[in-house]
Amino acid sequence: MLRSTFKHAQSIRNIATLNAVTNAKRCFSVTQVPRASVDADQSHDDFKPKSKVDNVTDRFEKMKEFIDQQVNKEPVVLFMKGIPSRPECGFSRNVVNILESYKINYKTFDMNADQLMKEALKDYSDWPTIPQLYVKGEFQGGSDIVSKLHFDGKLKQILNDAKK
Amino acid sequence: MMNGARYIAIQKKLTDALQPTVLNLYDDSHLHAHHSAMRGTGAVETHFRLEIVSDQFEGKSLLQRHRAVNSILSDEFSQGLHALQITKAKTQTELDKT
């Protein structure tokens, strides 16, 4: 279910300009993208900065493939900020608390530890925020929807079905 | 409390696109000013909470309703809107039943 959306270009720009924002955020795992040389036009072909965007695009697409594999391999996957024992956002904590109440196993990925994955995930799900819950490859929603599914009793059914 | 530029923009975009019969928008940014992603950025108008009632939600799942709202606000998300809680997304008929 890989998709290429119009948001892709925006996501790429987000990644390419990360250096400007990461200092203010808790996202330190991003590889620094080399800046293009000022006199790029005058340099020899061999030395032209050729792969900056390609590299980012490539890594971005590979990351989406990785996400696709993970959500289809693992029954329950939560993309959150922080880790279950130490969520770094109230909305992530809320979903962790709900999942914990069902005493199930679930896999988590820390989006505060991987900015590329965070941007790739937003594009993959076409969903702008974290946390995001997947059950059997299917996107369930963020904190509000998971809460509603939980209180309506539907989440129990969804999670039970995932065990089969 | 004065409403900020993003508050007004969100309100207008949702009103234009969904013609809601109820639209309650709350700027909760102050509650999150110290959480990790916001700390030290001086960012304002980052966290909002929304209750919306629109007949355009008719026949749509909750996920589709959230997607519709997110899509209307996609520019806001790419320009610094960090979180939007949607605590209610109903049709007028659903609201009248409750």
Side-chain angles (χ1 to χ4, degrees), chain A residues 5-15 17 20-28 81-82 86-94 110-113 115 118-119 122-123 125-135 138-152 154-155 158, chain B residues 6 9-10 13-14 24-26 28-52 57 60-91 94-95 97-98:
Chain A
T5 71
F6 68 96
K7 286 185 181 158
H8 189 171
Q10 181 66 45
S11 302
I12 297 295
R13 276 196 296 280
N14 287 347
I15 293 165
T17 56
V21 296
T22 39
N23 286 342
K25 298 188 173 185
R26 293 176 43 83
C27 310
F28 301 108
K81 291 183 177 178
R86 198 172 177 280
E88 292 171 10
C89 155
F91 302 117
S92 289
R93 178 180 294 113
N94 177 51
D110 180 3
M111 297 299 99
N112 274 350
Q115 189 77 353
K118 181 162 87 175
E119 293 304 326
K122 289 178 182 179
D123 193 68
S125 307
D126 189 22
W127 192 264
T129 51
I130 312 298
Q132 298 185 12
L133 180 67
Y134 277 83
V135 179
E138 193 169 333
F139 179 56
Q140 302 299 318
S143 174
D144 296 326
I145 295 183
V146 172
S147 288
K148 183 115 187 3
L149 291 171
H150 174 58
F151 289 116
D152 290 352
K154 291 177 187 162
L155 188 60
I158 292 168
Chain B
R6 174 163 291 147
I10 292 174
K13 284 177 186 180
L14 292 175
N24 296 324
L25 183 64
Y26 307 89
D28 287 344
S29 305
H30 60 287
L31 301 174
H32 302 269
H34 301 287
H35 95 219
S36 57
M38 296 294 114
R39 203 178 298 140
T41 63
V44 294
E45 295 199 275
T46 52
H47 291 67
F48 288 85
R49 178 162 44 91
L50 173 71
E51 299 169 347
I52 186 164
F57 291 145
K60 288 182 175 162
S61 70
L62 187 60
L63 185 63
Q64 287 170 325
R65 293 173 189 194
H66 279 236
R67 281 199 189 283
V69 170
N70 289 340
S71 156
I72 291 160
L73 302 177
S74 63
D75 285 351
E76 304 298 331
F77 277 108
S78 60
Q79 290 160 24
L81 174 58
H82 187 80
L84 176 71
Q85 264 184 287
I86 306 177
T87 51
K88 185 184 287 181
K90 291 176 182 283
T91 65
E94 290 166 350
L95 188 71
K97 270 191 235 163
T98 54

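Per chain, numbering begins at 1; letters A, B, ... match sequence-line order. Model, not experiment: these values are computed from the prediction.
Atom NE2 of B/His82 is separated from atom CZ of A/Phe91 by 8.5 Å, given to the nearest 0.5 angstrom. Between B/His66 atom NE2 and A/Trp127 atom CH2 the span is 6.0 Å, to the nearest 0.5 Å. Rounding to the nearest 0.5 Å places NZ of B/Lys88 at 13.5 Å from CG of A/Asp144. Rounding to the nearest 0.5 Å gives a distance of 7.0 Å between CZ of B/Arg67 and OG of A/Ser125.
By the neighbour-count criterion of 12 heavy atoms within 6.0 Å, atom NZ of A/Lys148 is sparsely surrounded, having that number or fewer from other residues, nucleotides or ligands.
When all heavy atoms of A/Pro128 and B/Asn70 are compared, the closest pair comes out as CD-ND2, 3.5 Å.
Two residues are said to be in side-chain contact when any heavy atoms from C-beta on lie closer than 4.5 Å; A/Ile145 and B/Leu63 meet this criterion. Between A/Lys122 and B/Phe77, every side-chain heavy-atom pair lies at or beyond the 4.5 Å cut-off.
Within the 4.5 angstrom heavy-atom criterion, no atom of B/Leu81 approaches chain A.
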